[in-house]
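Whatever order the structure lists them in is the order used to number ligands and atoms, beginning at 1.
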Amino acid sequence: MLIAHRDETICALSSGALPCGVAVIRISGPKSRFVIETICRKLPEPRKASVRRLCDPANGEALDQAVVLWLPGPHTVTGEDMAELQVHGSRAVVAAVLRVVLRLHGVRMAEAGEFTRRAYDNGRMDLTEVEGFADLLAAETEAQRRQALRQAEGGLGRRLSDWRARLIRARAWIEAELDFTEEADIPDGVAERTWAEIAALAAEMQAELTASRVSERIRRGVVVAVLGPPNAGKSSLVNALAQRDVAIVSPEAGTTRDALEVDLDLGGVPVRLIDTAGLREAAGLIEAEGIRRALARAETADLVLWLRPANGDGGPLPTLEASTPVWEIVSRADEAAPAIDSDSFRISVRSGEGLEALIERLAGFAGGAAGNAEIGLMTRERHFQSVARAIGWMRDAVRGADIPIELRGELLRRAGDEIGRITGAIGTDDLLDVIFREFCVGK
Ligand SMILES: Nc1nc2c(ncn2[C@@H]2O[C@H](COP(=O)(O)OP(=O)(O)OP(=O)(O)O)[C@@H](O)[C@H]2O)c(=O)[nH]1
Ligand SMILES: [Mg+2]
């Protein structure tokens, strides 16, 4: 568990794998200034990049020539005094500089996520910003980057704070009514107006929740399962979309026996494509298990591509329990001409027919979400859970005209606290470890 020792100064390599052109060593805490003065002799001007020769204070030996930044707190990322050393990115240079810095009294190696943890502890970031920052570091597609940046910059935090403030205000009116009804100091109609406002706020929160399911899809990636009878060309299609040989392709029926996954970037949206075992009745034990898995994956997929070879009938479409959309596609289109007045969607991996169009449709499906400016702000299951709970309590409070007013006020308090928990405004010690576990050393 991470424990904040504010008096300790921490240090770590914050840039990536060595060797590299420039390595960034970060230092944060009260000894930051002392570290620079000791190894660079002269303190540079605050927030100005200065070239300095780094020396081992024990024997005056030169370690490297570096760009040094002195960043006095509290207006730094961690909220503490900080120093940044941009050294040559070799293992030997980084090891030598770290060895010298860590030998100084009161300086130790940072734990994973500790820079970010200090930023949070010092009020420089709320919990949603921390999560956004974690997502930004892990972002692989444009859509993920955009969404993560927005959250890291506090978009979600501001929205939640606004909701919470409105709830607190509404509750104050309700409680004022409670305290003063006998004296009749509260103008008529205030309570009704307040309840109407709470109902409207609950609707606004619900809309955001719905839109945010789309955001979740962006983070996770859209799951597309390719299903069809044996030899329909499922593995061939997956390979063509992935532009590499992920799955074995052969004329033998029942080649693919396990569900095989490959991650693609389609139009900036991550797509997880799943190749599955061909569906048929007569199958050996292993293949039967493969078929069971294929159907199970189809149930949880966001979209199913049902492939039917042009020169065969392909059998019936399996009935899926979930309401997953299914696109029927005629595959191996080069082998048989389309039936007259058939408007089916046709592809051929061999001739390339229909592949561009399919990719475009898939990107459209996956990114209908991504390009949409109305994308929701919430990204994590814990956000969804808390907001859904808060909405539930707010609706109970609005509807509960026949329950005591104290109880209705209490429901609003709970809803407000639940929202506060998302940003960390309300105590969430148990959550912190879970969230900061995503980070590695140097962040
Ligand atoms: N002519 C033609 N042949 C194709 C096309 N796509 C796949 N094939 C051939 O069809 C055979 C089966 O292809 P696969 O991709 O292994 O089919 P599958 O659906 O994965 O089959 P299973 O894994 O056995 O269920 C192979 O010999 C492929 O070369 C196509 O578009 N045109
Ligand atoms: Mg296959």
Closest non-hydrogen protein atom to atom 29 (O) of ligand 1, residue and atom name please, with distance?
-> Arg350 NH2, 3.4 Å
Would you say Lys234 has any N or O atom under 3.5 Å from an N or O of ligand 1, going by distance alone?
-> yes
Metal site angle (apex the Mg ion (ligand 2)), OG1 from Thr256 and OG from Ser235, 10 degrees | 90°
Would you kindly check if the NZ (Lys) or CZ (Arg) of Arg361 is within the cone defined by 45 degrees around the ring axis of Phe345 and under 6.0 Å from the six-membered ring centre?
-> yes
N/O to N/O below 3.5 Å, does that happen between Pro230 and ligand 1?
-> no
Mind checking whether the Mg ion (ligand 2) has an N, O or S of Thr276 under 2.8 Å?
-> no
Taking the six-membered ring of Trp70, is NZ or CZ of Arg47 closer than 6.0 Å to its centre and within 45° of its axis?
-> no
Is Glu252 near ligand 1, meaning one of its heavy atoms is under 4.0 Å from it?
-> yes
Judged by modelled atom types alone, do Thr379 and Glu131 share a side-chain donor-acceptor pair under 3.5 Å?
-> no
With distance as the sole criterion, is a donor-acceptor pair present between the side chains of His88 and Gln65 under 3.5 Å?
-> no
Closest by any non-hydrogen atom to atom 23 (O) of ligand 1: pick that one out of Thr256, Leu279, Ile347.
-> Thr256
Atom indices of ligand 1, in the order listed, that fall short of 4.0 Å to a heavy atom of Pro251 = 26 (C), 27 (O)
If you draw a 6.0 Å radius around CD in Glu140, do more than 12 non-hydrogen atoms from other residues or ligands fall strictly inside?
-> no
Tell me which protein heavy atom sits closest to atom 10 (O) of ligand 1, plus the residue, atom name and distance to 0.1 Å.
-> Arg332 NH1, 3.0 Å
Check Ser250 against ligand 1 and report side chain, backbone, both or neither, counting heavy atoms closer than 4.0 Å.
-> backbone
Which atoms of ligand 1 have any heavy atom of Gly278 under 4.0 Å away?
-> 25 (O)
Report yes or no: does a heavy atom of Gly254 sit under 4.0 Å from some atom of ligand 1?
-> yes
Presence of N, O or S from Ser236 under 2.8 Å of the Mg ion (ligand 2) = no
Under 4.0 Å to a heavy atom of Thr255 - the qualifying atoms of ligand 1, by number = 22 (P), 23 (O), 24 (O)
Do other residues, nucleotides or ligands put more than 12 heavy atoms under 6.0 Å from Glu381 CD?
-> yes
side-chain contact (heavy atoms from CB on, under 4.5 Å) partner of Leu54, chosen from Val101, Val68, Ile36, Val93 | Val68
Going through the distances and angles, do Val22 and Val87 end up as a side chain to side chain contact (heavy atoms under 4.5 Å, CB included)?
-> CA-CA 6 Å; Val22 178; Val87 301; over 6 Å; no
Please write down residue, atom name and distance for the protein heavy atom closest to atom 14 (P) of ligand 1.
-> Ser236 OG, 3.6 Å
Please report which non-hydrogen protein atom sits nearest to atom 17 (O) of ligand 1, along with the residue it belongs to and the distance in Å to one decimal place.
-> Gly233 N, 3.2 Å
Minimum-distance protein heavy atom relative to atom 32 (N) of ligand 1 = Asp334 OD1, 2.7 Å
re atom 12 (C) of ligand 1, the protein heavy-atom contact at minimum distance is Asn231 OD1, 3.1 Å
Any idea which protein heavy atom is nearest atom 28 (C) of ligand 1, and the distance to it?
-> Val249 CG1, 3.6 Å
Side-chain contact test, heavy atoms from C-beta onward, threshold under 4.5 Å: evaluate it for Leu237 versus Leu305 and give yes or no.
-> yes
Residues, nucleotides or ligands: over 12 heavy atoms within 6.0 Å of Leu102 CG = yes
With heavy atoms and a 4.0 Å threshold, my read on which part of Ser351 contacts ligand 1 is neither
Test Glu418 against every option in Arg389, Arg164, Gln385 by the side chain to side chain donor-acceptor pair (under 3.5 Å) rule and name the one that passes.
-> Arg389
May I ask you to check whether Thr255 and Ser250 show a side-chain donor-acceptor distance below 3.5 Å?
-> yes
Residue portion contacting ligand 1 (non-hydrogen atoms closer than 4.0 Å) for Glu335 = side chain
Within 45° of the ring axis of Trp195 and under 6.0 Å from its six-membered ring centre, is that where the NZ or CZ of Arg408 lies?
-> yes
One finds that the ligand 1 atoms under 4.0 Å from a non-hydrogen atom of Ser348 are 31 (O)
Could you check atom 31 (O) of ligand 1 against the protein and tell me its nearest heavy-atom contact, residue, atom and distance included?
-> Val349 N, 2.8 Å
For Leu18, does the CG atom have more than 12 heavy-atom neighbours from other residues, nucleotides or ligands under 6.0 Å away?
-> yes
